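Written out below as structure tokens is the structure these notes cover.
What you are looking at is a predicted structure, and each value in this text was computed from that prediction instead of being measured.
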Amino acid sequence: MPEQELIAARKEKLARLRARGINPYPYSFSRTHTAAELRQAFGHLNPATHTGQGVAVAGRIMALRRMGRATFADLHDRSGKIQIFLTPQTLGPEAYAFWVEHLDLGDLVGVRGEVFTTRTGELSVAAQELVLLAKALRPLPEKWHGLRDVETRYRERALDFLANPQSREILIKRALILRTIRNYLDERGFIEVETPILQPIPGGASARPFVTHHNELDRDLYLRIAPELYLKRLLVGGLERVYEIGRNFRNEGISSEHNPEFTALEAYEAYTDYQGMMELAEGLIEACVLAVAGAPHLEYQGRMINFSRPWRRVPLLELVAEASGCDVEKPLPELLVELDRKGIPVPEHLRRGPKGKVIEHLLETCAEKDLWDPTFVLDYPLDISPLAKRKRDRPDLTERFELYIAGREVANAFSELNDPEEQRERFLAQERLRAQGDEEAQRIDEDFLRDLELGMPPAGGIGIGIDRLTMILTNSPSIREVLAFPLLR
RNA sequence: GGGUCGUUAGCUCAGUCGGUAGAGCACCGGCCUUUUAAGCCGGGGGCCGCAGGUUCGAUUCCUGCACGACCCA
């Protein structure tokens with residue numbers, strides 16, 4: 001039947017309800033138990049037991065079994081489901097006939113009645129009173145396959161969540177992960193802060209920003225690509241341990257691993273360095289894995305991930321040299337010759353350098369996929385790490401790591417650069433790249449530099465992609481599964 | 001950006017070697033007082049993603065486009 005006719009049929013029922021003086025969208029309903037609480041309290045009953053105990057439950061009707069003068073309904077709430085039993089004896093003949101005619105799958109109802117078990121042992125509520133709490137006007141998806149079509153699942157999220165418990169479960173686990181992160185950091189003296197999302201200069205990462213406009217100031221502002229620079233300014237201000245969990249915005253492509261707005265954790269700790277950040281990452285993510293999986297390992301897309309500490313630590317250059325079979329210590333022109341000879345493709349726009357971008361490209365194309373168990377990739381080239389301190393014994397590298405899990409970049413961290421003069425030089429180098437056409441090059445932020453000149457304590461900082469972490473911990477193949485409302489074309 | 005596959009009823013899916021399409025669930029009507037994927041009888045429901053082309057005839061073949069999935073860059 002065309003959808004419009006199904007909706008029209010329900011609207012007709014709705015009109016008849018209103019005509020009878022029933023408010024199909026009332027204000028509230030006091031329930032005494034959720035479905036799970038009922039099972040908790042009465043789950044031990046023998047078949048065909050009448051308790052004499054009155055309860056009130058509420059939820060969505062997800063199944064209706066009409067048997068003439070008796071009807072069973074499955075009521076789903078946030079905790080699970082409970083069966084409702086309707087008969088003329090308990091509900092009254094007139095009310096029974098009326099509701100059996102006017103209830104539809106998907107309607108939200110409240111039911112007051114006695115707890116009992118059927119002769120097959122199903123815990124049920126025998127309705128003495130039924131209250132319509134919201135009439136549903138649209139048909140539900142198929143009752144045992146649910147809603148499968150991924151496009152509809154992503155475009156009509158409410159429908160997906162009400163039809164597919166697994167979809168809801170991911171959001172519940174996401175909340176658990178966020179709660180675990182906050183607890184972990186709060187217990188260690190970190191202060192949760194909120195920094196600007198509307199920024200005059202988008203800083204703290206290499207990415208293209210979204211632009212917006214403030215009418216009163218008549219000035220363009222950018223949605224942040226990262227909170228990094230503001231959080232470091234709080235270190236200057238003496239906060240010492242700060243973190244922010246919030247949305248970043250990057251004006252880039254959409255894929256199974258990228259959404260234009262995504263949630264990141266950034267944490268900064270004074271008087272430590274990137275070694276400290278590795279320990280923080282291990283502890284924090286281990287706590288999340290234990291909270292979600294109850295063990296330090298879990299399966300992702302058919303393959304186990306072992307989170308046992310300590311995690312592997314491997315220098316980037318070593319990793320890339322081994323994966324590509326090239327001598328990556330060579331200057332860029334010679335490296336390109338070797339890569340060409342070996343048939344390893346390098347996109348044209350990277351060939352002019354800086355060399356760090358080629359190294360990064362090799363990591364992405366040759367090595368990343370195999371980094372399955374958590375792996376810290378260490379010591380990134382200086383020219384692609386403008387906010388990180390130089391490595392102590394290698395001035396062309398920085399004390400920076402990325403954490404890879406299941407072949408995905410999950411975190412990025414540095415020993416934070418706090419020398420204001422060197423930071424200015426690094427920004428100027430980025431400006432030169434921008435002048436050569438690199439739209440992702442970072443920009444000079446004078447407010448940040450001024451605050452650095454006040455003295456920022458040595459510090460370690462880390463950013464963790466919450467969506468990707470949640471994907472891994474919920475065995476989700478696409479970022480869309482872990483977002484309540486992913487952006488679609 | 002390139003390749004492969006997909007798009008059929010509200011949902012889940014069949015199918016048409018080119019002759020205007022089926023099932024189950026859902027919906028509507030009937031029977032039914034312990035079902036739980038309830039059952040039985042009957043009924044209605046389709047721009048076969050969109051636009052062109054080939055053809056007497058296209059949902060089916062071809063081209064393009066849109067959207068999606070996967071792979072590659």
Side-chain angles (χ1 to χ4, degrees), chain A residues 1-13 16 35 39 45-50 61-76 80-93 96-97 100-107 113-127 136-156 159-160 162-164 252-257 301 339 343-351 358 360-362 364-366 368-369 407 476-481 486-489:
Chain A
M1 186 179 282
E3 190 170 27
Q4 281 314 315
E5 289 178 33
L6 296 171
I7 292 171
R10 288 176 179 233
K11 285 189 171 172
E12 232 177 273
K13 291 183 186 178
R16 288 203 296 269
R39 285 179 200 288
L45 297 178
N46 291 322
T49 304
H50 285 260
I61 295 175
M62 295 298 281
L64 269 175
R65 294 178 289 280
R66 293 182 236 240
M67 335 253 320
R69 238 142 269 116
T71 293
F72 296 89
D74 289 343
L75 202 66
H76 286 223
K81 68 173 181 181
I82 185 72
Q83 179 169 267
I84 302 304
F85 184 54
L86 308 171
T87 58
Q89 281 77 40
T90 47
L91 206 53
Y96 178 80
V100 164
E101 193 183 335
H102 289 88
L103 283 181
D104 286 305
L105 292 182
D107 288 352
E114 183 199 358
V115 179
F116 77 108
T117 53
T118 64
R119 64 185 182 206
T120 56
E122 179 80 25
L123 187 67
S124 308
V125 176
L137 298 179
R138 291 178 173 276
L140 291 181
E142 217 258 4
K143 70 179 169 191
W144 69 84
H145 295 101
L147 181 65
R148 289 276 181 79
D149 183 79
V150 287
E151 186 168 0
T152 311
R153 286 186 46 232
Y154 296 152
R155 285 193 192 280
E156 301 183 36
L159 187 65
D160 182 27
L162 82 81
N164 297 320
E252 293 166 357
I254 299 174
S255 77
S256 59
E257 290 181 52
Q301 303 297 295
L339 289 167
I344 299 173
V346 178
E348 206 50 45
H349 68 279
L350 297 181
R351 300 182 75 95
V358 174
E360 201 171 35
H361 171 76
L362 292 174
E364 287 165 11
T365 54
C366 303
E368 181 177 285
K369 277 191 293 294
S476 298
S478 167
I479 195 170
R480 291 169 175 180
E481 296 288 346
L487 185 68
L488 303 172
R489 289 186 73 136

Problem set entry | Nearest-Å distance once atom C1' is located in both B:C5 and B:U55 | 28 Å

For this session: Give a yes-or-no answer on whether the side chains of A:Tyr96 and A:Thr71 include a donor-acceptor pair shorter than 3.5 Å.
Result: yes

Exercise. Taking the same atom, C1', in B:G39 and in B:A58, what whole-Å distance lies between them?
Worked result: 42 Å

Seminar exercise, completed: Here the distance between atom P of B:A26 and atom CE of A:Met62, to the nearest Å, is 13 Å

For this session: State the pairing partner of B:U54; accept Watson-Crick or G-U wobble contacts with both distances under 3.5 Å, and report none otherwise.
Result: none

Seminar exercise, completed: Closest of B:G68, B:C27, B:U35 to the A:Gln83 side chain is B:U35

Problem set entry | Interatomic distance at C1', B:G29 relative to B:G19, whole Å | 35 Å

Exercise. Got a donor-acceptor contact below 3.5 angstrom from the A:Asp107 side chain to the A:Ile61 backbone?
Worked result: no

Problem set entry | Gap between atoms CG and P, on A:Leu6 and B:G43 respectively (whole Å) | 19 Å

For this session: Quick one: look up who B:C17 pairs with, Watson-Crick or G-U, both distances under 3.5 Å, and put none if it's unpaired.
Result: none

For this session: With the side chain counted from C-beta on, respond yes when A:Thr152 and A:Asp160 share a heavy-atom pair under 4.5 Å apart, and no when they do not.
Result: no

Exercise. For A:Ala163, which residues count as a side-chain contact (heavy atoms from CB on, under 4.5 Å) partner, sequence neighbours excluded?
Worked result: A:Pro141, A:Leu147

Seminar exercise, completed: Paired to B:U59 by Watson-Crick or G-U wobble criteria (both distances under 3.5 Å) is none

Exercise. Is there a Watson-Crick or G-U wobble partner for B:C48 with both distances under 3.5 Å, and which nucleotide is it?
Worked result: none

Exercise. For RNA chain B, whose closest nucleotide is more 5', that of A:Pro139 or that of A:Arg65?
Worked result: A:Pro139

Exercise. Would a 4.5 Å heavy-atom cut-off, applied to side chains only, mark A:Arg16 and A:Glu101 as touching?
Worked result: yes

For this session: For nucleotides B:C61 and B:U8, find the distance between their P atoms and express it as a whole number of Å.
Result: 15 Å

For this session: May I ask you to say what A:Lys13 touches in the nucleic acid, namely base, sugar-phosphate or nothing, with a heavy-atom cut-off under 4.0 Å?
Result: sugar-phosphate

Exercise. Are the side chains of A:Gln83 and A:Val125 in touch, meaning some heavy atoms are under 4.5 Å apart?
Worked result: no

Exercise. Does the side chain of A:Glu481 pick up a donor-acceptor pair with the side chain of A:Ser476 at under 3.5 Å?
Worked result: no

Exercise. Mind checking the P distance from B:G49 to B:U60? Whole angstroms is fine.
Worked result: 8 Å

Exercise. Roughly, in whole Å, what's the span from CD1 in A:Ile254 to P in B:G1?
Worked result: 13 Å

Can you give me the N/O atom pairs linking the protein to nucleotides 20-23 of chain B at distances under 3.5 Å, or say none if there are none?
none

For this session: For the pair A:Arg138 and A:Glu3, evaluate salt bridge (charged side-chain N to carboxylate O under 4.0 Å, His left out) and give the outcome as yes or no after the intermediate values.
Result: CA-CA 8 Å; A:Arg138 291 178 173 276; A:Glu3 190 170 27; 3.3 Å; yes

Problem set entry | Min side-chain heavy-atom separation A:Arg480-A:Ile254 under 4.5 Å | yes

Problem set entry | Partner of A:Asp104 under salt bridge (charged side-chain N to carboxylate O under 4.0 Å, His left out), chosen from A:Lys13, A:Lys11, A:Arg66 | A:Lys13

Problem set entry | Identified pairing partner of B:U4, criterion: Watson-Crick or G-U wobble below 3.5 Å | B:A69

Exercise. Roughly how many Å is it from CD in A:Glu368 to C1' in B:A73, rounded to a whole number?
Worked result: 14 Å

For this session: Would you give the length of the straight line joining atom CD1 of A:Ile82 to atom CG of A:Leu75, rounded to the nearest 0.5 angstrom?
Result: 8.5 Å

Exercise. Between B:G3 and B:U63, how far is it from one P atom to the other, in whole Å?
Worked result: 12 Å

Exercise. If you look at every strand shown and take non-hydrogen atoms under 4.0 Å, does A:Arg153 touch a base, only sugar-phosphate, or nothing?
Worked result: nothing

For this session: Could you tell me which nucleotide pairs with B:G39 by Watson-Crick or G-U wobble geometry, both distances under 3.5 Å, or answer none if nothing does?
Result: B:C31

Please list, pair by pair, any protein nitrogen or oxygen found under 3.5 Å from a nitrogen or oxygen in nucleotides 5-9 of chain B.
none

For this session: Could you check how far CD of A:Glu481 sits from P of B:A69, rounded to whole Å?
Result: 10 Å

For this session: To the nearest Å, give me how far apart CG (A:Leu350) and C1' (B:A73) are.
Result: 12 Å

Exercise. Partners of A:His76 by ring pair (Phe, Tyr, Trp, His ring centres under 6.0 Å), sequence neighbours excluded?
Worked result: none

Between the protein and nucleotides 11-13 of chain B, which nitrogen or oxygen pairs come in under 3.5 angstrom?
unit_1 : atom_1 : unit_2   : atom_2 : d
B:C11  : O2'    : A:Glu142 : N      : 2.8
B:C11  : O2'    : A:Gly146 : O      : 3.2
B:U12  : OP1    : A:Arg148 : N      : 2.9
B:U12  : OP1    : A:Asp149 : N      : 2.8

For this session: With syn defined as a glycosidic angle within 90° of 0 and anti as everything else, classify B:U16.
Result: anti

Dump every N/O contact between nucleotides 32-34 of chain B and the protein below 3.5 Å, one line per pair.
unit_1 : atom_1 : unit_2   : atom_2 : d
B:C32  : N3     : A:Gly68  : N      : 3.0
B:C32  : N4     : A:Gly68  : N      : 3.3
B:U33  : OP2    : A:Arg69  : N      : 3.3
B:U33  : OP2    : A:Arg69  : NH1    : 3.4
B:U33  : N3     : A:Gln89  : OE1    : 3.1
B:U33  : O4     : A:Gln89  : OE1    : 3.3
B:U33  : O4     : A:Gln89  : NE2    : 2.5
B:U34  : O2'    : A:Arg119 : NE     : 2.1
B:U34  : O2'    : A:Arg119 : NH2    : 3.2
B:U34  : O2     : A:Arg119 : N      : 3.2

Exercise. Going by heavy atoms in the side chains, are A:Pro47 and A:Arg119 under 4.5 Å from each other?
Worked result: no

For this session: Report yes if a side-chain nitrogen or oxygen of A:Arg480 is closer than 4.0 Å to either non-bridging phosphate oxygen (OP1 or OP2) of B:A69; otherwise report no.
Result: yes

Exercise. Between the main-chain N or O of A:His361 and the side-chain N or O of A:Thr365, is there a donor-acceptor pair closer than 3.5 Å?
Worked result: yes

For this session: Please measure how far the P atom in B:C71 lies from the corresponding atom in B:C65, and state the result in whole Å.
Result: 23 Å

Problem set entry | Distance between P atoms of B:C41 and B:A23 (Å, rounded) | 14 Å

For this session: Give one of base, sugar-phosphate or nothing for A:Ile7, where a contact means two heavy atoms less than 4.0 Å apart.
Result: nothing

For this session: Provide, to the nearest angstrom, the distance between the CG atom belonging to A:Leu64 and the P atom belonging to B:A38.
Result: 10 Å

Exercise. Rounded to the nearest Å, what distance is computed from the NE2 atom of residue A:His349 to the P atom of nucleotide B:G1?
Worked result: 15 Å

Problem set entry | Touch class at under 4.0 angstrom, heavy-atom based, for A:Arg155 against every strand present | sugar-phosphate

Seminar exercise, completed: If pairing means Watson-Crick or G-U wobble with both distances under 3.5 Å, then the partner of B:C25 is B:G10

For this session: Kindly say whether A:Ala127 contributes a backbone atom to a donor-acceptor pair with the side chain of A:Thr90 at under 3.5 angstrom?
Result: yes

For this session: Classify the angle between the aromatic ring planes of A:Phe116 and A:Phe85 as parallel (below 30°), tilted (30 to 60°) or perpendicular (above 60°).
Result: tilted

Exercise. What's the spacing between A:Tyr154 OH and A:Ser478 OG if we round to 0.5 Å?
Worked result: 4.0 Å

